[in-house]
Amino acid sequence: QPLEQSLRLLADLGVTPMPGETFSELCQRAATAHPDRSRLLSAMAHHHQVLTHASLNSHQRREHLREWWRIQRELGSPS
């Protein structure tokens, strides 16, 4: 699952969820801790929001998932 992988990736960056914190808030906190990756973390939060809440057709969903995975790869590589 993309969310589970993202949470592991964020934990590897030293940022774990606090009680009641949204994924977007978690990504924002991670961006503060890792300003060199803030653009990617913001994009990851955006795609999560869209994938979770937007009404997407199969093509749109595939495109957002593709971007999500690209961001995951970039964030997982050494900065």
Peer 1: Please determine whether the number of non-hydrogen atoms from other residues, nucleotides or ligands lying under 6.0 Å from atom CD of E67 exceeds 12.
Peer 2: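 Atom CD in E67 is packed in, count exceeds 12.
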
Peer 1: Which atoms form the tightest heavy-atom contact between A30 and L10, and what is the distance?
Peer 2: CB-CD2, 3.7 Å

Peer 1: Are any of the side-chain heavy atoms of R37 and E74 separated by less than 4.5 Å?
Peer 2: no

Peer 1: If every non-hydrogen atom of G20 is compared with every non-hydrogen atom of E25, which pair is closest and at what distance?
Peer 2: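 It is O-OE1, 4.0 Å.
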
Peer 1: Could you tell me whether a side-chain N or O of S42 sits under 3.5 Å from a main-chain N or O of S38, the two making a donor and an acceptor?
Peer 2: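 No; judged by distance alone, with no hydrogens or angles, the pair does not exist.
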
Peer 1: Please say whether more than 12 non-hydrogen atoms of neighbouring residues, nucleotides or ligands are located less than 6.0 Å from NE2 in H59.
Peer 2: no

Peer 1: Quick one: pull up CD in E63 and CD in Q60 and give me the separation to the nearest 0.5 Å.
Peer 2: 9.5 Å

Peer 1: For the atom pair OG1 (T16) and CG (L26), what is the distance rounded to the nearest 0.5 Å?
Peer 2: 7.5 Å

Peer 1: Working to the nearest 0.5 Å, report the span between CG of L40 and CZ of R73.
Peer 2: 11.5 Å

Peer 1: Which atom names give the shortest non-hydrogen contact between W69 and Q5, and what distance separates them?
Peer 2: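 Scanning both residues, the minimum pair turns out to be CZ3-OE1, 2.8 Å.
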
Peer 1: Can you find a pair of side-chain heavy atoms, one from M44 and one from F23, that are under 4.5 Å apart?
Peer 2: yes

Peer 1: Calculate, to the nearest 0.5 Å, the distance between atoms CG and CG belonging to L3 and L51 respectively.
Peer 2: 10.5 Å

Peer 1: Could you tell me whether a side-chain N or O of R62 sits under 3.5 Å from a main-chain N or O of N57, the two making a donor and an acceptor?
Peer 2: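 No; judged by distance alone, with no hydrogens or angles, the pair does not exist.
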
Peer 1: Check the orientation of H46 and H64. Use parallel for under 30°, tilted for 30 to 60°, and perpendicular for over 60°.
Peer 2: tilted

Peer 1: Find the distance between CZ (R29) and CE (M18) and round it off to the nearest 0.5 Å.
Peer 2: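 If I round to the nearest 0.5 Å, the distance is 5.5 Å.
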
Peer 1: Between CG of L9 and CD of E4, what distance do you get to the nearest 0.5 Å?
Peer 2: 13.5 Å

